[in-house]
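Here the structure comes first, spelled out in structure tokens, and everything after it is commentary.
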Amino acid sequence: PTVVPLPLALLILDYFPLQRRGNKLLLLAEKAPYVLISGASCFMTIQAQLGYANLTPVATFQITDRIAQAVYGLGFYLSKTLVPAGLLALYPLPEHLSLLAPSVIASAFFVFGMAALSFAGLGGRVALALWTYYVAMLMPVIGILQNGPQLVALRYSYLSCMGWSLVAGGAIIKAFSLWTQGQFRSLRSIVAVALGLWLVSMTALTQGQISMWENDKTLWQPVLTAYPRSLFANINMADALLNQHDYDAATPYVDKVVELSARKDDPRVLILQAGLLGGKGQLAQARVLLERTIPSYGGPEAYYLLGWI
């Protein structure tokens with residue numbers, strides 16, 4: 001989906017920083033092949049999501065919910081790029097998200113504040129290009145066509161926030177250039193201390209993220225601490241513990257998956273239950289569950305587990 005806004009991203013580059021002021025029809029015509037690529041990507045992505053029944057219907061997550069999700073996302077991706085703290089593998093999609101939710105209102109104020117600062121500090125042309133690119137790159141994943149169990153996902157910030165990273169890098173280079181020319185002499189110690197504190201804080205945050213990604217259990221535990229009723233997180237934690245043959249520890253997570261699942265015949269639920277039963281030696285019951293699962297699902301993990309049993 002990130003290919004979809006490519007033609008618009010190229011037009012933004014023409015506007016700034018390239019500042020191409022040639023024939024506008026020619027500039028648009030140059031983007032025609034990319035429009036075709038974008039359209040094909042969009043079509044294939046939607047077809048794939050429909051094939052897996054992965055698109056969240058509007059009846060389940062309404063238009064106002066999606067607008068609130070978009071507002072929240074615009075603030076989330078920028079704030080997590082500026083201060084990458086409290087990062088999780090999953091931020092579950094809630095059943096309902098109000099436009100008046102505190103997190104949505106806070107995100108809206110943050111976006112307006114950053115917009116005001118960027119237009120005042122960078123100038124209209126640069127700020128307009130920066131914000132247009134940011135919003136354009138997020139449009140396919142901001143929630144208008146919601147798919148998957150996530151409200152927001154950290155990976156969506158990689159391309160969308162690239163403009164902000166370039167601005168930050170340019171500001172540092174400019175400040176260093178002025179510094180070497182003898183300006184800011186009175187602020188050198190303050191700047192050096194601030195830079196040192198920033199590096200130390202980023203190092204600490206990075207170390208924390210590395211430890212979180214040590215294994216599946218450490219990855220999903222923080223998600224469950226923040227969102228104990230996340231079906232997806234409980235499925236992954238149960239699966240991680242079953243793979244470690246820690247069947248007693250896996251039992252409450254499998255039970256939680258059964259409780260949270262809307263369909264008791266969901267293949268994911270049946271496979272977890274079968275894995276738990278098989279691990280506890282109840283092979284006949286596990287086989288019955290898997291033989292119920294395979295005709296409708298037939299995923300490789302079901303066959304693998306049946307062979308193991």
Quick test of your reading: applying side chain to side chain donor-acceptor pair (under 3.5 Å), list the pairs with at least one residue in [range], sequence neighbours left out, ordered by first then second residue.
range            : result
residues 97-116  : none
residues 73-83   : none
residues 198-215 : Asn215-Thr218
residues 112-129 : Ser118-Trp131

Hey, are the side chains of [X] and [Y] touching, using non-hydrogen atoms and a 4.5 Å cut-off?
X      : Y      : result
Asp216 : Asp239 : no
Pro267 : Thr293 : yes
Asn236 : Asn234 : no
Lys256 : Met237 : no
Arg21  : Gln19  : yes

Counting neighbours of [atom1] on [X] that are heavy atoms of other residues, nucleotides or ligands and sit closer than 6.0 Å, is the number greater than 12?
X      : atom1 : result
Tyr34  : OH    : no
Met139 : CE    : no
Glu95  : CD    : no

Keeping to residues at least two apart or across chains, list the ring-ring contact (aromatic ring centres under 6.0 Å, His included) pairs with something in residues 87-113.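 The answer is Phe76-Tyr91.
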Can [Y] be reached from [X] by stepping across I, L, V, M, F, W or Y side chains whose heavy atoms are under 4.5 Å apart?
X      : Y      : answer
Tyr253 : Leu88  : yes
Leu10  : Leu36  : no
Leu82  : Tyr158 : no

Would you please name every residue forming a salt bridge (charged side-chain N to carboxylate O under 4.0 Å, His left out) with [X], sequence neighbours left out?
X      : value
Glu301 : none
Asp265 : Arg263
Arg66  : none

Suppose we screen for side-chain contact (heavy atoms from CB on, under 4.5 Å). Which residues come up paired with Val104, at least two apart in sequence or across chains?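 Partners of Val104 under the side-chain contact (heavy atoms from CB on, under 4.5 Å) test: Ala68, Val71, Tyr72, Leu97, Ala101.
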Without placing hydrogens or testing angles, list every side-chain donor-acceptor pair under 3.5 Å for residues 23-31, not counting sequence neighbours.
| from | atom 1 | to | atom 2 | distance (Å) |
| --- | --- | --- | --- | --- |
| Asn23 | OD1 | Leu25 | N | 2.8 |
| Asn23 | OD1 | Leu26 | N | 3.1 |
| Glu30 | OE1 | Arg20 | NH1 | 3.0 |
| Glu30 | OE1 | Arg20 | NH2 | 3.4 |
| Glu30 | OE2 | Arg20 | NH2 | 2.9 |
| Lys31 | NZ | Asp14 | OD2 | 2.7 |
| Lys31 | NZ | Leu27 | O | 2.8 |

Residues clustering with Leu8 (ILVMFWY side chains joined when closer than 4.5 Å, directly or via others):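 Members alongside Leu8: Ile12, Tyr133, Met137, Leu159, Met162.
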Could you walk me through whether Leu74 and Tyr134 satisfy the side-chain contact (heavy atoms from CB on, under 4.5 Å) test, starting with their C-alpha distance in whole Å, then the side-chain angles of each, then the deciding distance to 0.1 Å, before giving a yes or no? CA-CA 9 Å; Leu74 286 174; Tyr134 176 63; 4.0 Å; yes
Working to the nearest 0.5 Å, report the span between OG of Ser38 and CG of Leu6.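 These two atoms lie 7.5 Å from each other.
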Value rounded to 0.5 Å, distance of CE in Met114 from CH2 in Trp164: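 Atom-to-atom, Met114:CE and Trp164:CH2 are 4.5 Å apart.
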Check step by step if side-chain contact (heavy atoms from CB on, under 4.5 Å) holds for Ile37 and Val3. CA-CA 8 Å; Ile37 294 172; Val3 177; 3.9 Å; yes
If I compare all heavy atoms of Pro92 with all of Tyr227, which pair ends up nearest, and what's the gap?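 Taking Pro92 first and Tyr227 second, the nearest heavy atoms are CD-CD1, 3.3 Å.
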Please find the pair of heavy atoms, one from Val254 and one from Gln273, that lie closest to each other, and give the distance.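 Scanning both residues, the minimum pair turns out to be CG1-CG, 4.1 Å.
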In residues 219-226, what donor-acceptor pairs under 3.5 Å come from side-chain atoms, sequence neighbours left out?
| from | atom 1 | to | atom 2 | distance (Å) |
| --- | --- | --- | --- | --- |
| Thr225 | OG1 | Gln221 | O | 2.9 |

Pair Leu276, Lys280 - check side-chain contact (heavy atoms from CB on, under 4.5 Å), show working. CA-CA 6 Å; Leu276 183 61; Lys280 292 184 173 182; 3.8 Å; yes
